Novice: 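Would you mind keeping the following structure in view while I ask a few things?
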Amino acid sequence: MVSHEDWLAARTELLAREKKFTRLRDELSRQQRALPWERVEREYVFDGPEGKETLADLFDGRSQLVVYHFMFPPEDDEGCPSCSFWADSFDANVIHLHARDVTFVAVSAGAAREARCLQAATRMDLQMGVVGRQRLQLRLPRLVQA
Amino acid sequence: MSSGGNDFNYDYRVSFRPEEQDEPVYNFGTIVPRLADREGMSVFYRDAGGDVFHTYSAYARGIDILNAAYNYLDLVPKGRDEEARGPLFWVRRRDEYGDGTA
């Protein structure tokens, strides 16, 4: 424990490093956005609440798409607890992302059988109850065999 | 629908076939996944002509920034408090904490 003057001095000293980090973070973000693009050549078909949709369909009319790769292996009945933890950061943000031309979807590998897909979807609704009201498009792709 | 229509998670390196799971194939070849699925995020762009482009992917610690609760925990005195038992040992699904005190 220290006096307020000493607390403020230490805090202000670290503030200088925080500001430096913030500027570095901005620069890193610029570099992340400046990465080259690769064309998606393959046709992916996802199965979700609105039926079968291609990757292009998932954009839902917007030009930018964020995919969260949600861990939900086909043999499991419930989504990964850690990914469910991440998913709790999704819902409130989706409406703001929409306003900036970004669509957000969660894609998992699981749900190989229809019954399991329904069960999984139910559990997802429990995990992300707010998500549906916020129009998060949670899609559980049933992977179509070649 | 092409014959490759079921490979999205494999192509974007978040699902792994059994023979890959003990090799460093996750996070751009830097992490052994040890599981059939791992976490990540990818970004795509669709142009006016309908062409789709892959612009970004991140995995593992690369998606920490997307987790709002972790960003708060990083600013409280105890931090994530995970050193003794490993990352995320304490995490439950939101309806599984019981009395709320974990």
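Order of the sequence lines fixes the chain letters, A, B, ..., with proteins taken first and strands second; residue numbering starts at 1 for each chain. Computed from a predicted structure; not experimentally measured.
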Novice: Counting only heavy atoms from other residues, nucleotides and ligands, does the tally under 6.0 Å from CZ of B:Phe89 exceed 12?
Specialist: yes
Novice: According to a 4.5 Å side-chain heavy-atom criterion applied to Ile, Leu, Val, Met, Phe, Trp and Tyr, with indirect links allowed, do B:Tyr59 and A:Val67 form part of one hydrophobic cluster?
Specialist: no
Novice: Less than 3.5 Å apart, which donor and acceptor atoms pair up between the side chains of residues 6-13 of chain A and the rest of the protein, not counting sequence neighbours?
Specialist:
unit_1, atom_1, unit_2, atom_2, d
A:Arg11, NH1, A:Glu18, OE1, 3.1
A:Arg11, NH2, A:Glu18, OE1, 2.7
A:Thr12, OG1, A:Leu8, O, 2.6

Novice: Parallel, tilted or perpendicular: which one describes the rings of A:His69 and B:Tyr12, with boundaries at 30° and 60°?
Specialist: parallel
Novice: Quick one: does A:Val40's side chain get under 4.5 Å of B:Phe53's, heavy atoms only?
Specialist: no
Novice: According to a hydrophobic-cluster definition based on side-chain heavy atoms being under 4.5 Å apart (Ile, Leu, Val, Met, Phe, Trp, Tyr only), do B:Tyr72 and B:Ile65 belong together?
Specialist: no
Novice: Find out whether A:Val45 and B:Phe8 are in side-chain contact, i.e. whether some heavy atom of one side chain is under 4.5 Å from a heavy atom of the other.
Specialist: no
Novice: Is B:Tyr97 reachable from B:Leu88 through a run of I, L, V, M, F, W or Y residues, each pair having side-chain heavy atoms under 4.5 Å apart?
Specialist: yes
Novice: Side-chain polar contacts of residues 29-37 of chain A - donor-acceptor pairs under 3.5 angstrom, sequence neighbours left out - could you list them?
Specialist:
unit_1, atom_1, unit_2, atom_2, d
A:Ser29, OG, A:Arg25, O, 3.0
A:Arg30, NE, A:Glu27, OE1, 3.2
A:Arg30, NH2, A:Glu27, OE1, 3.0
A:Gln31, NE2, A:Glu27, OE2, 3.3
A:Gln32, NE2, B:Tyr56, OH, 3.2

Novice: Answer with yes or no whether the hydrophobic clustering places B:Tyr70 together with B:Val76; edges join I, L, V, M, F, W, Y residues whose side-chain heavy atoms lie under 4.5 Å apart.
Specialist: yes
Novice: Is the distance between the ring centroids of A:Phe59 and B:Tyr45 under 6.0 Å?
Specialist: no
Novice: Checking heavy atoms, do the side chain of B:Val14, its backbone, both or neither come under 4.5 Å from chain A?
Specialist: side chain
Novice: Is a donor from one side chain sitting under 3.5 angstrom from an acceptor on the other, for B:Asp7 and A:Tyr44?
Specialist: no
Novice: Between B:Ile63 and chain A, which part of the residue has a heavy atom less than 4.5 Å away: side chain, backbone, both or neither?
Specialist: both
Novice: Is it possible for you to say whether B:Phe28 and B:Tyr26 belong to one hydrophobic cluster, with membership spreading through side-chain heavy-atom contacts below 4.5 Å?
Specialist: yes
Novice: I'd like to know whether CD1 of B:Ile31 has more than 12 heavy-atom contacts from other residues, nucleotides or ligands below 6.0 angstrom.
Specialist: yes
Novice: Is A:Phe21 atom CZ crowded by more than 12 heavy atoms from other residues, nucleotides or ligands, each under 6.0 Å away?
Specialist: no
Novice: Roughly how far, to the nearest 0.5 Å, is the CE atom of B:Met41 from the CZ atom of A:Phe104?
Specialist: 7.5 Å
Novice: Please classify the contact between A:Tyr68 and chain B as side chain, backbone, both or neither, with a heavy-atom cut-off of under 4.5 Å.
Specialist: both
Novice: So A:Arg39 and B:Asp51, do their side chains get closer than 4.5 Å, heavy atoms only?
Specialist: yes
Novice: Is B:Asn9 close to A:Val107 at the side-chain level, that is, under 4.5 Å between some pair of heavy atoms?
Specialist: yes
Novice: Sort B:Ser42 into side chain, backbone, both or neither according to what part of it lies under 4.5 angstrom from a heavy atom of chain A.
Specialist: both
Novice: Please round to the nearest 0.5 Å and tell me the distance separating atom CH2 of A:Trp86 and atom CG of B:Leu66.
Specialist: 8.5 Å
Novice: Non-hydrogen atoms of chain A under 4.5 Å away: do they reach the side chain of B:Asp64, the backbone, both or neither?
Specialist: both
Novice: Any side-chain heavy atom of A:Met71 sitting closer than 4.5 Å to one from B:Leu35?
Specialist: yes
Novice: So how far is it from A:Gln64 CD to B:Arg46 CZ, rounded to the nearest 0.5 Å?
Specialist: 11.5 Å
